[in-house]
2 protein chains.
Amino acid sequence: MRRETYNEFRHLCRAHNLAVTHQRQRIFEAVASRPGHYSPEEIYEQVKQDLPSISLATVYKNLKTFIEAGMLREVSLHHGAWRIDANLHPHHHLVCTRCRSILDLDQDLLAPVKLRGKLPSGFKLEKFSIEIQGVCKACVASESRTHN
Amino acid sequence: MRRETYNEFRHLCRAHNLAVTHQRQRIFEAVASRPGHYSPEEIYEQVKQDLPSISLATVYKNLKTFIEAGMLREVSLHHGAWRIDANLHPHHHLVCTRCRSILDLDQDLLAPVKLRGKLPSGFKLEKFSIEIQGVCKACVASESRTHN
DNA sequence: TATCAGATGATAAAGATTATTAAACGATTC
DNA sequence: GAATCGTTTAATAATCTTTATCATCTGATA
Ligand SMILES: [Mn+2]
Ligand SMILES: [Mn+2]
Ligand SMILES: [Zn+2]
Ligand SMILES: [Zn+2]
């Protein structure tokens with residue numbers, strides 16, 4: 001690992017009040033130094049090449065830690081919940097980032113998406129899916145209650 | 001169940017080449033007659049009130065069948081796959097509906113989303129997340145190969 | 001009503017994630 | 001640099017979710 005990379009990571013951890021460990025360095029790097037959107041299992045396999053004794057649970061735990069700290073993100077809020085929709089009309093969804101509740105929102109509440117350039121060649125566009133993320137009424141209420 | 005509802009479902013099944021069974025009727029109704037975005041488990045619990053001997057596997061299998069037929073949809077393409085993103089800059093994703101691969105897309109390839117009306121009261125907006133769904137180059141290629 | 005492809009229920013298996021806990025480690029202080 | 005303390009790790013079990021298998025049953029058709 002380059003020394004600058006090492007120091008960057010060290011400072012990131014300091015800034016977020018996280019202890020610096022070998023495992024964390026490698027886990028973070030396995031994600032941040034490559035362009036893809038990896039699964040915990042893929043990250044585990046990658047890190048294992050350097051740290052053969054690492055455990056998959058450690059990967060899971062630290063990914064959560066990093067996400068909570070804002071050092072990494074998850075691609076989608078929906079990975080853990082298969083949810084079925086009977087509404088076949090084009091519409092949007094309002095999703096709560098706390099409780100992950102989902103509400104329909106009429107299509108014409110948003111102006112249609114406009115492409116300003118070209119998509120990567122070969123990609124056959126089917127549709128734009130817009131998700132409006134935020135905190136739902138119930139969660140806002142319960143959080144303000146907690147903080148008073 | 002109302003007779004019209006029963007006939008509607010019967011015709012839907014005909015149109016999609018699906019056998020009509022009690023289980024399917026109740027599973028479909030459990031989703032389509034209520035406004036929410038339910039999980040298989042929730043649907044199972046609902047149907048069980050009418051058909052106590054139904055199996056959870058039947059619910060899963062038929063939800064898949066309905067989705068494949070286009071009678072229901074899934075809220076997100078990402079369930080079951082926790083994917084980590086190290087790109088913290090605002091950006092969009094290109095998602096393949098076949099292989100579910102994910103590519104980053106620069107933010108300014110799309111014009112910013114415009115709200116035309118009001119969000120439901122109490123919802124605290126955090127961000128708009130746009131996903132561009134379609135078929136990726138690789139899947140387009142493999143599908144055209146299959147059909148020649 | 002008899003036939004049969006397809007659907008169901010029971011169950012096992014697989015896969016993904018979280019909980020538990022003793023041992024090891026990193027940061028801090030001396 | 002060694003002692004201390006709180007945190008992190010690895011191993012493992014447990015839990016949840018989803019899929020596979022297969023014998024039995026049912027709906028559709030003649
Ligand atoms: Mn919906
Ligand atoms: Mn991304
Ligand atoms: Zn909420
Ligand atoms: Zn693809």
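Residue numbers begin at 1 in each chain, while the letters A, B, ... track the order of the sequences. Because only heavy atoms are used, hydrogens play no part in the values below, and waters and symmetry mates are left out as well, while side chains stay in. Worth saying up front: this structure is predicted, and the values here are computed from it rather than measured.
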| query | Between D:dT19 atom P and B:Glu41 atom CD, what is the distance in whole Å? | reply | 14 Å

| Distance below 4.0 Å between B:Ser55 side-chain N/O and C:dT8 OP1 or OP2 | no

| remark: Rounded to whole Å, NZ of A:Lys61 lies from P of D:dT12 at a distance of 15 Å

| request: Return the 5'-most residue of the pair A:Arg24, B:Gln23 with respect to DNA chain D, ranking by each residue's nearest nucleotide. | output: A:Arg24

| task | Could you give me the CA-CA distance, side-chain angles and deciding distance for A:Asp85 and A:His93, then say whether side-chain contact (heavy atoms from CB on, under 4.5 Å) is met? | result | CA-CA 11 Å; A:Asp85 199 338; A:His93 286 131; 3.0 Å; yes

| field | Spacing of A:Asn17 atom CG relative to D:dT7 atom P, expressed in whole Å | value | 11 Å

| message | Using a 3.5 Å distance criterion without hydrogens, assess whether the side chain of A:His16 forms a donor-acceptor pair with backbone atoms of A:Ala69. | response | yes

| query | Atom OH of A:Tyr44 and atom C1' of D:dT9: how far apart are they, to the nearest Å? | reply | 13 Å

| task | Provide, to the nearest angstrom, the distance between the CD1 atom belonging to A:Ile27 and the C1' atom belonging to D:dT9. | result | 10 Å

| query | Got a donor-acceptor contact below 3.5 angstrom from the B:Arg83 side chain to the A:His37 backbone? | reply | yes

| task | In whole angstrom, give the distance that lies between atom CZ of A:Phe66 and atom C1' of D:dT8. | result | 12 Å

| A:Glu68 and A:Lys61 ion-paired at < 4.0 Å | no

| Is B:Arg34 positioned over the aromatic face of B:Tyr38, cation under 6.0 angstrom from the ring centre and no more than 45 degrees off axis? | yes

| said: Within the 4.0 Å heavy-atom criterion, would you say A:Thr21 contacts the bases, only the backbone, or no part of the nucleic acid? | reply: sugar-phosphate

| Do the side-chain N or O atoms of B:Asn62 get closer than 4.0 angstrom to the phosphate oxygens (OP1, OP2) of C:dT8? | yes

| task | On DNA chain D, check which nucleotide each of B:Pro40 and B:His22 is closest to and give me the residue with the more 5' one. | result | B:Pro40

| request: Taking only the side-chain heavy atoms of A:Ala57 (C-beta and beyond), determine which of D:dA11, D:dT9, C:dG9 contains the nearest atom. | output: D:dA11

| message | It should be established whether A:Lys64 places a side-chain nitrogen or oxygen under 4.0 Å from OP1 or OP2 of nucleotide C:dT18. | response | yes

| query | Roughly how many Å is it from OH in A:Tyr60 to C1' in D:dT12, rounded to a whole number? | reply | 16 Å

